[in-house]
There are 2 protein chains.
Amino acid sequence: MHKPVPGNSLKPACSTCNLRKLCLPVNLNSVEITRLDNLISRKGVYRQGSILYRSGDKFQALYAIRTGFFKTQILNEDGREQATGFQMAGEIIGLDGINSDAHTCDAVALEDSEVCEIPFSKLEDLSRELPSLQRHLHRILSREIVRDQNIMLLLGSMRAEERLATFLLNLSQRFAEGGYSPTSFQLRMTRQEIGSYLGLRLETVSRALSHLQDSKLIHMRNRSLEILCMSGLQACIGKRAR
Amino acid sequence: MHKPVPGNSLKPACSTCNLRKLCLPVNLNSVEITRLDNLISRKGVYRQGSILYRSGDKFQALYAIRTGFFKTQILNEDGREQATGFQMAGEIIGLDGINSDAHTCDAVALEDSEVCEIPFSKLEDLSRELPSLQRHLHRILSREIVRDQNIMLLLGSMRAEERLATFLLNLSQRFAEGGYSPTSFQLRMTRQEIGSYLGLRLETVSRALSHLQDSKLIHMRNRSLEILCMSGLQACIGKRAR
DNA sequence: GGCACATTTTGACATATATCAAGACGTAAA
DNA sequence: TTTACGTCTTGATATATGTCAAAATGTGCC
(Lines give C-alpha, C1' and ligand atoms only; values in the text may rest on other atoms or scores of the structure.)
Protein backbone atom coordinates (compact mmCIF):
# COMPACT_ATOMS: atom_id res chain seq x y z
CA MET A 1 0.00 0.00 0.00
CA HIS A 2 1.48 3.33 -1.05
CA LYS A 3 1.02 6.64 0.67
CA PRO A 4 -0.51 9.66 -0.97
CA VAL A 5 2.13 12.03 -2.23
CA PRO A 6 1.40 15.75 -1.74
CA GLY A 7 1.23 16.88 -5.31
CA ASN A 8 2.88 20.27 -5.41
CA SER A 9 5.38 18.91 -7.87
CA LEU A 10 2.78 18.76 -10.64
CA LYS A 11 2.09 22.15 -12.12
CA PRO A 12 -1.14 21.92 -14.17
CA ALA A 13 -3.42 23.45 -11.54
CA CYS A 14 -7.12 22.72 -11.45
CA SER A 15 -7.63 25.92 -13.39
CA THR A 16 -10.50 27.42 -15.25
CA CYS A 17 -10.31 25.40 -18.42
CA ASN A 18 -10.06 22.17 -16.51
CA LEU A 19 -12.93 22.98 -14.26
CA ARG A 20 -15.12 23.83 -17.19
CA LYS A 21 -14.15 20.87 -19.22
CA LEU A 22 -13.89 18.23 -16.59
CA CYS A 23 -15.49 18.83 -13.30
CA LEU A 24 -17.96 21.64 -13.29
CA PRO A 25 -19.15 22.53 -16.77
CA VAL A 26 -21.42 25.19 -15.47
CA ASN A 27 -22.57 28.48 -16.99
CA LEU A 28 -20.48 30.99 -15.11
CA ASN A 29 -18.75 34.13 -16.28
CA SER A 30 -15.02 34.45 -15.85
CA VAL A 31 -15.26 36.32 -12.56
CA GLU A 32 -17.44 33.58 -11.18
CA ILE A 33 -15.19 30.86 -12.49
CA THR A 34 -12.30 32.53 -10.75
CA ARG A 35 -14.19 32.56 -7.48
CA LEU A 36 -14.91 28.89 -7.89
CA ASP A 37 -11.29 28.19 -8.74
CA ASN A 38 -10.23 29.96 -5.59
CA LEU A 39 -12.23 27.51 -3.51
CA ILE A 40 -10.25 24.63 -4.76
CA SER A 41 -7.43 24.89 -2.35
CA ARG A 42 -5.45 21.73 -1.96
CA LYS A 43 -4.54 19.29 -4.67
CA GLY A 44 -3.04 15.89 -4.30
CA VAL A 45 -1.45 13.05 -6.18
CA TYR A 46 -2.51 9.60 -5.13
CA ARG A 47 -0.46 6.57 -6.08
CA GLN A 48 -2.04 3.38 -7.22
CA GLY A 49 -3.52 1.60 -4.22
CA SER A 50 -3.57 4.62 -1.94
CA ILE A 51 -6.67 5.75 -0.11
CA LEU A 52 -8.35 9.09 -0.85
CA TYR A 53 -10.70 8.64 2.09
CA ARG A 54 -12.00 5.87 4.27
CA SER A 55 -15.41 5.05 5.61
CA GLY A 56 -15.78 6.93 8.88
CA ASP A 57 -13.43 9.76 7.93
CA LYS A 58 -14.80 13.20 8.63
CA PHE A 59 -16.39 14.67 5.54
CA GLN A 60 -15.06 18.07 4.59
CA ALA A 61 -14.65 18.16 0.85
CA LEU A 62 -15.68 16.74 -2.47
CA TYR A 63 -12.96 15.65 -4.83
CA ALA A 64 -12.79 16.27 -8.55
CA ILE A 65 -10.65 13.70 -10.28
CA ARG A 66 -8.26 15.43 -12.66
CA THR A 67 -6.50 12.35 -13.93
CA GLY A 68 -6.60 8.69 -13.06
CA PHE A 69 -9.09 6.19 -11.81
CA PHE A 70 -10.69 5.40 -8.46
CA LYS A 71 -13.04 2.85 -7.00
CA THR A 72 -15.40 3.33 -4.10
CA GLN A 73 -16.49 0.46 -1.91
CA ILE A 74 -18.50 -0.19 1.21
CA LEU A 75 -17.76 -2.89 3.73
CA ASN A 76 -20.31 -4.67 5.84
CA GLU A 77 -19.84 -5.44 9.50
CA ASP A 78 -19.36 -9.07 8.46
CA GLY A 79 -16.54 -8.20 6.08
CA ARG A 80 -18.63 -8.29 2.95
CA GLU A 81 -17.49 -5.84 0.36
CA GLN A 82 -19.35 -4.08 -2.41
CA ALA A 83 -17.74 -1.84 -5.00
CA THR A 84 -20.20 1.02 -5.41
CA GLY A 85 -18.53 2.69 -8.36
CA PHE A 86 -15.53 3.33 -10.53
CA GLN A 87 -14.73 6.99 -11.09
CA MET A 88 -12.62 8.44 -13.83
CA ALA A 89 -11.14 11.84 -14.71
CA GLY A 90 -13.73 14.59 -14.74
CA GLU A 91 -15.96 12.95 -12.17
CA ILE A 92 -16.80 14.05 -8.64
CA ILE A 93 -16.31 11.77 -5.67
CA GLY A 94 -17.31 12.01 -2.02
CA LEU A 95 -21.03 12.85 -2.20
CA ASP A 96 -21.83 10.03 0.24
CA GLY A 97 -20.26 12.00 3.08
CA ILE A 98 -22.60 14.99 3.01
CA ASN A 99 -25.42 13.26 4.83
CA SER A 100 -23.72 12.48 8.10
CA ASP A 101 -20.55 14.58 7.87
CA ALA A 102 -18.64 11.34 7.58
CA HIS A 103 -17.74 9.23 4.59
CA THR A 104 -19.60 5.96 4.29
CA CYS A 105 -17.31 4.27 1.80
CA ASP A 106 -13.63 3.92 0.97
CA ALA A 107 -12.16 5.56 -2.12
CA VAL A 108 -9.06 3.86 -3.51
CA ALA A 109 -6.88 4.94 -6.44
CA LEU A 110 -6.73 2.21 -9.09
CA GLU A 111 -3.88 3.98 -10.83
CA ASP A 112 -1.73 7.01 -10.06
CA SER A 113 -4.23 9.86 -9.95
CA GLU A 114 -4.57 13.58 -9.33
CA VAL A 115 -7.49 15.12 -7.51
CA CYS A 116 -8.72 18.62 -6.71
CA GLU A 117 -10.19 19.14 -3.28
CA ILE A 118 -13.35 21.23 -3.08
CA PRO A 119 -14.12 22.23 0.53
CA PHE A 120 -17.81 21.55 0.80
CA SER A 121 -18.88 24.33 3.14
CA LYS A 122 -17.19 26.86 0.89
CA LEU A 123 -18.90 25.31 -2.09
CA GLU A 124 -22.20 25.70 -0.26
CA ASP A 125 -21.39 29.34 0.48
CA LEU A 126 -20.61 30.09 -3.13
CA SER A 127 -23.56 28.14 -4.49
CA ARG A 128 -25.86 30.35 -2.41
CA GLU A 129 -24.54 33.26 -4.41
CA LEU A 130 -24.41 31.63 -7.84
CA PRO A 131 -27.72 29.99 -8.79
CA SER A 132 -26.15 28.28 -11.75
CA LEU A 133 -23.56 26.65 -9.52
CA GLN A 134 -26.26 25.67 -7.07
CA ARG A 135 -28.28 24.06 -9.81
CA HIS A 136 -25.22 22.21 -11.04
CA LEU A 137 -24.47 20.81 -7.61
CA HIS A 138 -28.03 19.58 -7.30
CA ARG A 139 -27.78 17.89 -10.68
CA ILE A 140 -24.58 16.14 -9.68
CA LEU A 141 -26.21 14.78 -6.55
CA SER A 142 -29.32 13.69 -8.42
CA ARG A 143 -27.29 12.08 -11.19
CA GLU A 144 -25.58 9.91 -8.61
CA ILE A 145 -28.98 8.81 -7.34
CA VAL A 146 -30.12 7.91 -10.85
CA ARG A 147 -26.89 6.08 -11.52
CA ASP A 148 -27.19 4.06 -8.33
CA GLN A 149 -30.77 3.15 -9.08
CA ASN A 150 -29.75 1.87 -12.48
CA ILE A 151 -27.18 -0.33 -10.80
CA MET A 152 -29.95 -1.60 -8.55
CA LEU A 153 -31.80 -2.59 -11.72
CA LEU A 154 -28.70 -4.34 -12.97
CA LEU A 155 -28.07 -6.19 -9.71
CA GLY A 156 -31.71 -7.03 -9.18
CA SER A 157 -32.66 -8.30 -12.58
CA MET A 158 -29.82 -8.98 -14.99
CA ARG A 159 -27.90 -12.14 -15.64
CA ALA A 160 -24.13 -12.28 -15.53
CA GLU A 161 -23.46 -11.63 -19.20
CA GLU A 162 -25.95 -8.78 -19.36
CA ARG A 163 -24.31 -7.19 -16.34
CA LEU A 164 -20.93 -7.38 -18.03
CA ALA A 165 -22.25 -5.96 -21.29
CA THR A 166 -23.94 -3.11 -19.43
CA PHE A 167 -20.76 -2.43 -17.51
CA LEU A 168 -18.54 -2.35 -20.58
CA LEU A 169 -20.95 -0.13 -22.52
CA ASN A 170 -21.08 2.26 -19.60
CA LEU A 171 -17.29 2.46 -19.42
CA SER A 172 -17.20 2.94 -23.19
CA GLN A 173 -19.60 5.85 -23.03
CA ARG A 174 -17.71 7.54 -20.24
CA PHE A 175 -14.38 7.14 -22.02
CA ALA A 176 -16.00 8.69 -25.09
CA GLU A 177 -17.27 11.61 -23.00
CA GLY A 178 -13.75 12.10 -21.71
CA GLY A 179 -12.43 12.29 -25.25
CA TYR A 180 -10.95 8.80 -25.38
CA SER A 181 -11.69 5.93 -27.70
CA PRO A 182 -15.03 4.30 -26.90
CA THR A 183 -13.99 1.02 -28.51
CA SER A 184 -10.54 0.43 -27.15
CA PHE A 185 -9.43 1.02 -23.57
CA GLN A 186 -7.76 -0.49 -20.54
CA LEU A 187 -9.70 -1.87 -17.64
CA ARG A 188 -8.17 -0.43 -14.53
CA MET A 189 -9.66 -2.97 -12.14
CA THR A 190 -9.22 -6.67 -11.45
CA ARG A 191 -11.83 -9.31 -12.29
CA GLN A 192 -12.44 -9.54 -8.57
CA GLU A 193 -13.23 -5.81 -8.41
CA ILE A 194 -15.51 -6.00 -11.43
CA GLY A 195 -17.26 -8.90 -9.75
CA SER A 196 -17.65 -6.99 -6.54
CA TYR A 197 -19.32 -4.17 -8.47
CA LEU A 198 -21.57 -6.46 -10.49
CA GLY A 199 -22.50 -8.84 -7.69
CA LEU A 200 -20.61 -11.76 -9.25
CA ARG A 201 -17.64 -13.93 -8.38
CA LEU A 202 -14.45 -13.32 -10.27
CA GLU A 203 -14.72 -16.69 -12.02
CA THR A 204 -18.13 -15.76 -13.35
CA VAL A 205 -16.75 -12.46 -14.61
CA SER A 206 -13.95 -14.28 -16.35
CA ARG A 207 -16.31 -16.78 -17.94
CA ALA A 208 -18.72 -14.11 -19.11
CA LEU A 209 -15.88 -12.12 -20.68
CA SER A 210 -14.60 -15.26 -22.38
CA HIS A 211 -18.06 -15.90 -23.73
CA LEU A 212 -18.44 -12.37 -25.07
CA GLN A 213 -15.09 -12.85 -26.74
CA ASP A 214 -16.11 -16.21 -28.23
CA SER A 215 -19.19 -14.41 -29.59
CA LYS A 216 -16.87 -11.91 -31.34
CA LEU A 217 -18.42 -8.98 -29.49
CA ILE A 218 -15.23 -8.01 -27.71
CA HIS A 219 -11.56 -8.80 -27.79
CA MET A 220 -9.67 -8.93 -24.51
CA ARG A 221 -5.97 -9.28 -24.00
CA ASN A 222 -5.31 -9.13 -20.27
CA ARG A 223 -6.91 -5.85 -19.25
CA SER A 224 -7.04 -4.17 -22.63
CA LEU A 225 -10.45 -4.33 -24.13
CA GLU A 226 -11.60 -3.81 -27.67
CA ILE A 227 -15.29 -3.59 -28.40
CA LEU A 228 -15.81 -5.26 -31.76
CA CYS A 229 -19.56 -4.91 -32.04
CA MET A 230 -21.27 -2.22 -30.04
CA SER A 231 -24.76 -3.11 -31.24
CA GLY A 232 -24.16 -6.76 -30.48
CA LEU A 233 -23.23 -5.85 -26.91
CA GLN A 234 -26.33 -3.72 -26.61
CA ALA A 235 -28.44 -6.54 -27.98
CA CYS A 236 -27.22 -9.00 -25.40
CA ILE A 237 -28.72 -6.85 -22.65
CA GLY A 238 -32.27 -7.92 -22.05
CA LYS A 239 -32.11 -10.90 -24.35
CA ARG A 240 -33.95 -12.85 -21.76
CA ALA A 241 -35.96 -10.81 -19.29
CA ARG A 242 -36.84 -12.51 -16.11
CA MET B 1 -56.10 2.10 -11.68
CA HIS B 2 -57.55 5.09 -9.86
CA LYS B 3 -57.01 8.72 -10.66
CA PRO B 4 -55.51 11.18 -8.21
CA VAL B 5 -58.14 13.18 -6.43
CA PRO B 6 -57.34 16.88 -5.94
CA GLY B 7 -57.22 17.08 -2.22
CA ASN B 8 -58.73 20.41 -1.29
CA SER B 9 -61.34 18.58 0.69
CA LEU B 10 -58.83 17.63 3.35
CA LYS B 11 -58.04 20.49 5.67
CA PRO B 12 -54.92 19.56 7.63
CA ALA B 13 -52.50 21.69 5.63
CA CYS B 14 -48.84 20.82 5.46
CA SER B 15 -48.27 23.38 8.15
CA THR B 16 -45.41 24.26 10.38
CA CYS B 17 -45.66 21.46 12.86
CA ASN B 18 -45.96 18.86 10.17
CA LEU B 19 -43.07 20.20 8.21
CA ARG B 20 -40.90 20.24 11.27
CA LYS B 21 -41.90 16.86 12.44
CA LEU B 22 -42.20 15.00 9.22
CA CYS B 23 -40.59 16.41 6.17
CA LEU B 24 -38.08 19.10 6.88
CA PRO B 25 -36.87 18.98 10.46
CA VAL B 26 -34.56 21.88 9.93
CA ASN B 27 -33.36 24.61 12.26
CA LEU B 28 -35.40 27.57 11.13
CA ASN B 29 -37.08 30.30 13.10
CA SER B 30 -40.80 30.79 12.78
CA VAL B 31 -40.53 33.47 10.10
CA GLU B 32 -38.39 31.17 8.02
CA ILE B 33 -40.70 28.24 8.58
CA THR B 34 -43.55 30.35 7.34
CA ARG B 35 -41.65 31.23 4.20
CA LEU B 36 -41.00 27.57 3.62
CA ASP B 37 -44.62 26.72 4.26
CA ASN B 38 -45.62 29.28 1.68
CA LEU B 39 -43.67 27.46 -0.98
CA ILE B 40 -45.70 24.38 -0.53
CA SER B 41 -48.53 25.29 -2.77
CA ARG B 42 -50.57 22.39 -3.96
CA LYS B 43 -51.50 19.35 -1.99
CA GLY B 44 -53.04 16.19 -3.26
CA VAL B 45 -54.67 13.00 -2.19
CA TYR B 46 -53.65 9.91 -4.11
CA ARG B 47 -55.77 6.81 -4.00
CA GLN B 48 -54.24 3.38 -3.74
CA GLY B 49 -52.77 2.45 -7.11
CA SER B 50 -52.68 5.96 -8.51
CA ILE B 51 -49.55 7.47 -9.98
CA LEU B 52 -47.83 10.45 -8.39
CA TYR B 53 -45.47 10.78 -11.36
CA ARG B 54 -44.22 8.66 -14.19
CA SER B 55 -40.82 8.16 -15.72
CA GLY B 56 -40.42 10.83 -18.38
CA ASP B 57 -42.73 13.35 -16.71
CA LYS B 58 -41.30 16.82 -16.49
CA PHE B 59 -39.69 17.40 -13.10
CA GLN B 60 -40.97 20.44 -11.27
CA ALA B 61 -41.39 19.53 -7.65
CA LEU B 62 -40.38 17.30 -4.84
CA TYR B 63 -43.12 15.66 -2.83
CA ALA B 64 -43.28 15.27 0.91
CA ILE B 65 -45.47 12.37 1.92
CA ARG B 66 -47.84 13.45 4.68
CA THR B 67 -49.66 10.18 5.07
CA GLY B 68 -49.62 6.89 3.26
CA PHE B 69 -47.14 4.75 1.41
CA PHE B 70 -45.55 4.86 -2.04
CA LYS B 71 -43.25 2.74 -4.11
CA THR B 72 -40.88 3.94 -6.80
CA GLN B 73 -39.82 1.72 -9.66
CA ILE B 74 -37.83 1.90 -12.85
CA LEU B 75 -38.61 -0.02 -15.99
CA ASN B 76 -36.09 -1.22 -18.50
CA GLU B 77 -36.59 -0.97 -22.25
CA ASP B 78 -37.14 -4.73 -22.21
CA GLY B 79 -39.92 -4.47 -19.67
CA ARG B 80 -37.85 -5.44 -16.69
CA GLU B 81 -38.95 -3.76 -13.53
CA GLN B 82 -37.07 -2.84 -10.39
CA ALA B 83 -38.62 -1.32 -7.31
CA THR B 84 -36.11 1.28 -6.16
CA GLY B 85 -37.76 2.13 -2.88
CA PHE B 86 -40.75 2.21 -0.58
CA GLN B 87 -41.49 5.60 0.92
CA MET B 88 -43.59 6.32 3.97
CA ALA B 89 -45.02 9.37 5.69
CA GLY B 90 -42.39 11.99 6.43
CA GLU B 91 -40.17 11.05 3.53
CA ILE B 92 -39.31 13.03 0.41
CA ILE B 93 -39.83 11.63 -3.05
CA GLY B 94 -38.83 12.81 -6.52
CA LEU B 95 -35.09 13.49 -6.13
CA ASP B 96 -34.34 11.43 -9.23
CA GLY B 97 -35.87 14.12 -11.44
CA ILE B 98 -33.47 16.93 -10.58
CA ASN B 99 -30.67 15.69 -12.79
CA SER B 100 -32.38 15.84 -16.16
CA ASP B 101 -35.51 17.86 -15.38
CA ALA B 102 -37.49 14.70 -15.94
CA HIS B 103 -38.44 11.89 -13.62
CA THR B 104 -36.61 8.62 -14.18
CA CYS B 105 -38.95 6.38 -12.24
CA ASP B 106 -42.62 5.88 -11.52
CA ALA B 107 -44.08 6.67 -8.10
CA VAL B 108 -47.19 4.70 -7.20
CA ALA B 109 -49.36 5.02 -4.09
CA LEU B 110 -49.56 1.69 -2.26
CA GLU B 111 -52.39 2.99 -0.11
CA ASP B 112 -54.49 6.14 -0.05
CA SER B 113 -51.96 8.87 0.59
CA GLU B 114 -51.56 12.60 0.96
CA VAL B 115 -48.61 14.53 -0.38
CA CYS B 116 -47.33 18.09 -0.22
CA GLU B 117 -45.85 19.46 -3.40
CA ILE B 118 -42.64 21.48 -3.04
CA PRO B 119 -41.85 23.38 -6.26
CA PHE B 120 -38.17 22.74 -6.71
CA SER B 121 -37.05 26.03 -8.24
CA LYS B 122 -38.70 27.90 -5.39
CA LEU B 123 -37.03 25.57 -2.93
CA GLU B 124 -33.71 26.39 -4.60
CA ASP B 125 -34.44 30.10 -4.33
CA LEU B 126 -35.24 29.86 -0.65
CA SER B 127 -32.34 27.59 0.11
CA ARG B 128 -29.99 30.23 -1.31
CA GLU B 129 -31.29 32.53 1.41
CA LEU B 130 -31.42 30.07 4.27
CA PRO B 131 -28.15 28.17 4.75
CA SER B 132 -29.76 25.78 7.15
CA LEU B 133 -32.37 24.82 4.58
CA GLN B 134 -29.67 24.47 1.94
CA ARG B 135 -27.69 22.18 4.16
CA HIS B 136 -30.78 20.12 4.88
CA LEU B 137 -31.53 19.67 1.19
CA HIS B 138 -27.99 18.51 0.56
CA ARG B 139 -28.27 16.00 3.37
CA ILE B 140 -31.50 14.62 1.96
CA LEU B 141 -29.89 14.13 -1.43
CA SER B 142 -26.80 12.52 0.07
CA ARG B 143 -28.87 10.28 2.33
CA GLU B 144 -30.60 8.89 -0.71
CA ILE B 145 -27.21 8.11 -2.25
CA VAL B 146 -26.09 6.30 0.90
CA ARG B 147 -29.38 4.41 1.06
CA ASP B 148 -29.09 3.30 -2.55
CA GLN B 149 -25.52 2.16 -2.06
CA ASN B 150 -26.58 0.04 0.86
CA ILE B 151 -29.17 -1.59 -1.35
CA MET B 152 -26.43 -2.27 -3.84
CA LEU B 153 -24.60 -4.10 -1.06
CA LEU B 154 -27.75 -6.07 -0.31
CA LEU B 155 -28.39 -6.97 -3.94
CA GLY B 156 -24.77 -7.70 -4.71
CA SER B 157 -23.83 -9.85 -1.77
CA MET B 158 -26.70 -11.10 0.37
CA ARG B 159 -28.68 -14.29 0.15
CA ALA B 160 -32.46 -14.32 0.02
CA GLU B 161 -33.13 -14.67 3.72
CA GLU B 162 -30.57 -12.03 4.64
CA ARG B 163 -32.19 -9.65 2.17
CA LEU B 164 -35.57 -10.22 3.75
CA ALA B 165 -34.23 -9.75 7.26
CA THR B 166 -32.48 -6.53 6.24
CA PHE B 167 -35.64 -5.30 4.58
CA LEU B 168 -37.86 -6.03 7.58
CA LEU B 169 -35.43 -4.45 10.01
CA ASN B 170 -35.25 -1.35 7.84
CA LEU B 171 -39.03 -1.04 7.75
CA SER B 172 -39.12 -1.59 11.49
CA GLN B 173 -36.66 1.20 12.12
CA ARG B 174 -38.51 3.61 9.88
CA PHE B 175 -41.85 2.83 11.50
CA ALA B 176 -40.20 3.46 14.85
CA GLU B 177 -38.89 6.81 13.62
CA GLY B 178 -42.39 7.71 12.51
CA GLY B 179 -43.71 6.94 15.98
CA TYR B 180 -45.26 3.57 15.19
CA SER B 181 -44.56 0.19 16.64
CA PRO B 182 -41.27 -1.23 15.45
CA THR B 183 -42.36 -4.78 16.11
CA SER B 184 -45.81 -4.93 14.65
CA PHE B 185 -46.90 -3.41 11.37
CA GLN B 186 -48.61 -3.98 8.06
CA LEU B 187 -46.68 -4.60 4.87
CA ARG B 188 -48.16 -2.34 2.27
CA MET B 189 -46.72 -4.18 -0.70
CA THR B 190 -47.22 -7.56 -2.35
CA ARG B 191 -44.68 -10.37 -2.27
CA GLN B 192 -44.06 -9.60 -5.91
CA GLU B 193 -43.21 -5.99 -5.07
CA ILE B 194 -40.94 -7.02 -2.21
CA GLY B 195 -39.25 -9.40 -4.61
CA SER B 196 -38.80 -6.69 -7.20
CA TYR B 197 -37.10 -4.53 -4.58
CA LEU B 198 -34.89 -7.32 -3.26
CA GLY B 199 -34.00 -8.88 -6.59
CA LEU B 200 -35.94 -12.06 -5.85
CA ARG B 201 -38.94 -13.88 -7.28
CA LEU B 202 -42.12 -13.74 -5.28
CA GLU B 203 -41.94 -17.47 -4.52
CA THR B 204 -38.51 -16.98 -3.00
CA VAL B 205 -39.84 -14.12 -0.89
CA SER B 206 -42.68 -16.29 0.30
CA ARG B 207 -40.38 -19.17 1.16
CA ALA B 208 -37.91 -16.94 2.98
CA LEU B 209 -40.73 -15.41 5.04
CA SER B 210 -42.07 -18.86 5.84
CA HIS B 211 -38.63 -19.91 6.96
CA LEU B 212 -38.19 -16.86 9.19
CA GLN B 213 -41.54 -17.72 10.67
CA ASP B 214 -40.58 -21.37 11.21
CA SER B 215 -37.48 -20.08 12.99
CA LYS B 216 -39.75 -18.08 15.35
CA LEU B 217 -38.14 -14.79 14.37
CA ILE B 218 -41.30 -13.32 12.93
CA HIS B 219 -44.99 -14.04 12.78
CA MET B 220 -46.89 -13.24 9.62
CA ARG B 221 -50.58 -13.33 9.05
CA ASN B 222 -51.24 -12.17 5.50
CA ARG B 223 -49.57 -8.81 5.39
CA SER B 224 -49.40 -8.08 9.07
CA LEU B 225 -46.00 -8.70 10.47
CA GLU B 226 -44.84 -9.18 13.99
CA ILE B 227 -41.16 -9.24 14.75
CA LEU B 228 -40.68 -11.77 17.53
CA CYS B 229 -36.93 -11.58 17.90
CA MET B 230 -35.17 -8.48 16.70
CA SER B 231 -31.71 -9.72 17.60
CA GLY B 232 -32.37 -13.02 15.88
CA LEU B 233 -33.27 -11.18 12.71
CA GLN B 234 -30.13 -9.11 12.98
CA ALA B 235 -28.07 -12.24 13.54
CA CYS B 236 -29.33 -13.89 10.40
CA ILE B 237 -27.76 -11.11 8.34
CA GLY B 238 -24.25 -12.06 7.43
CA LYS B 239 -24.46 -15.54 8.84
CA ARG B 240 -22.68 -16.78 5.80
CA ALA B 241 -20.66 -14.17 3.97
CA ARG B 242 -19.83 -14.95 0.41
C1' DG C 1 -73.39 -13.39 0.60
C1' DG C 2 -71.45 -15.37 -3.28
C1' DC C 3 -68.60 -15.08 -7.31
C1' DA C 4 -64.42 -13.74 -9.81
C1' DC C 5 -59.93 -12.49 -9.53
C1' DA C 6 -55.56 -11.48 -7.33
C1' DT C 7 -52.32 -12.99 -4.08
C1' DT C 8 -49.88 -16.37 -1.50
C1' DT C 9 -48.06 -20.84 -0.39
C1' DT C 10 -45.92 -25.06 -1.37
C1' DG C 11 -43.92 -28.77 -4.21
C1' DA C 12 -41.03 -30.70 -7.98
C1' DC C 13 -37.69 -29.72 -11.00
C1' DA C 14 -34.35 -26.69 -13.90
C1' DT C 15 -30.57 -23.73 -14.18
C1' DA C 16 -27.37 -19.93 -13.38
C1' DT C 17 -23.91 -18.94 -10.60
C1' DA C 18 -20.93 -20.18 -6.62
C1' DT C 19 -17.38 -23.08 -4.95
C1' DC C 20 -13.24 -25.63 -5.14
C1' DA C 21 -9.21 -26.77 -7.53
C1' DA C 22 -5.39 -26.73 -10.76
C1' DG C 23 -2.72 -24.75 -14.02
C1' DA C 24 -1.46 -20.72 -17.09
C1' DC C 25 -0.13 -16.22 -17.38
C1' DG C 26 1.82 -11.64 -16.19
C1' DT C 27 4.56 -8.57 -13.42
C1' DA C 28 7.92 -7.08 -10.21
C1' DA C 29 11.93 -7.89 -7.57
C1' DA C 30 16.42 -10.11 -6.92
C1' DT D 1 17.15 -14.54 -16.18
C1' DT D 2 15.01 -16.68 -12.48
C1' DT D 3 11.88 -16.66 -8.73
C1' DA D 4 7.79 -15.42 -6.36
C1' DC D 5 3.39 -13.72 -6.16
C1' DG D 6 -0.82 -12.01 -7.66
C1' DT D 7 -4.19 -12.51 -11.33
C1' DC D 8 -6.75 -14.97 -14.64
C1' DT D 9 -8.76 -18.98 -16.99
C1' DT D 10 -10.98 -23.23 -17.18
C1' DG D 11 -13.06 -27.56 -15.47
C1' DA D 12 -15.93 -30.36 -12.23
C1' DT D 13 -19.30 -30.14 -8.98
C1' DA D 14 -22.55 -28.01 -5.46
C1' DT D 15 -26.22 -25.09 -4.33
C1' DA D 16 -29.38 -21.19 -4.08
C1' DT D 17 -32.77 -19.43 -6.52
C1' DG D 18 -35.69 -19.46 -10.64
C1' DT D 19 -39.48 -21.74 -13.13
C1' DC D 20 -43.70 -24.06 -13.60
C1' DA D 21 -47.78 -25.76 -11.62
C1' DA D 22 -51.60 -26.44 -8.48
C1' DA D 23 -54.07 -25.55 -4.58
C1' DA D 24 -55.26 -22.40 -0.72
C1' DT D 25 -56.38 -18.07 0.82
C1' DG D 26 -57.83 -13.36 0.66
C1' DT D 27 -60.31 -9.26 -1.47
C1' DG D 28 -63.48 -6.57 -3.87
C1' DC D 29 -67.62 -6.24 -6.63
C1' DC D 30 -72.37 -7.27 -7.87
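Sequence lines set the chain letters: A, B, ... in the order given, protein chains first and strands last, and positions in each chain run from 1.
- Less than 6.0 angstrom separates the ring centroid of B/F167 from the ring centroid of B/Y197.
- Nearest to the side chain of A/T190, among D/dG11, D/dC8, C/dT9, sits D/dC8.
- In this model, the phosphate group of D/dC8 is approached by a side-chain N or O of A/R223 to a distance below 4.0 Å at OP1 or OP2.
- As judged by a 4.0 angstrom heavy-atom cut-off over every strand, A/G199 is placed among residues touching the sugar-phosphate backbone only.
- With rounding to whole Å, A/L155 atom CG is found 15 Å from D/dT17 atom P.
- Here the P atom of nucleotide D/dA16 and the CD atom of B/E161 are 11 Å apart, to the nearest Å.
- Per the geometry, CD belonging to A/E193 stands 15 Å off P belonging to D/dG6, to the nearest Å.
- Closest to the side chain of A/S210, from the set C/dT9, D/dT10, D/dG18, is D/dT10.
- Between B/R207 and B/E161 no salt bridge is recorded (no basic side-chain N to carboxylate O distance below 4.0 Å).
- D/dT9 atom P lies 15 Å from atom NE2 of A/H211, rounded to whole Å.
- Checked against D/dA16, C/dT10, D/dT10, the side chain of A/S206 finds its nearest nucleotide in D/dT10.
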Are there any protein N/O atoms within less than 3.5 Å of an N/O atom in nucleotides 21-27 of chain C, and if so, which ones and at what distance?
from: C/dG26; atom 1: OP1; to: A/R221; atom 2: NH2; distance (Å): 2.9

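- Scanning all heavy atoms of the two residues, the minimum distance from A/E193 to A/K71 falls at OE2-NZ, 2.9 Å.
- Comparing C/dT7, C/dA18, C/dT10 by their nearest atom to the side chain of A/T204 picks out C/dA18.
- Side-chain contact check for B/T72 and B/Q87: at least one donor-acceptor pair (N or O, by modelled atom type) lies under 3.5 Å.
- When the nucleotides C/dA12, C/dT8, C/dT17 are ranked by their closest atom to the side chain of A/A160, C/dT17 comes out on top.
- B/L200 comes within contact range of the sugar-phosphate backbone alone, with a heavy-atom separation under 4.0 Å but no base atom that close.
- Using cut-offs of 30° and 60° for the angle between ring planes, the B/Y180 and B/F175 rings count as perpendicular.
- Per the geometry, CG belonging to B/L198 stands 18 Å off P belonging to D/dA16, to the nearest Å.
- Between the side chains of A/E114 and A/T67, a donor-acceptor pair is found at a separation under 3.5 Å.
- Spacing between atom CG of B/L164 and atom P of D/dA16 amounts to 16 Å, rounded to whole angstrom units.
- Aromatic pair B/F70/B/F86: ring centres not closer than 6.0 Å.
- Rounding to whole angstrom units, CZ of residue A/R207 and C1' of C/dT17 are separated by 9 Å.
- Note: CD (B/E111) to P (D/dT27) measures 15 Å, nearest angstrom.
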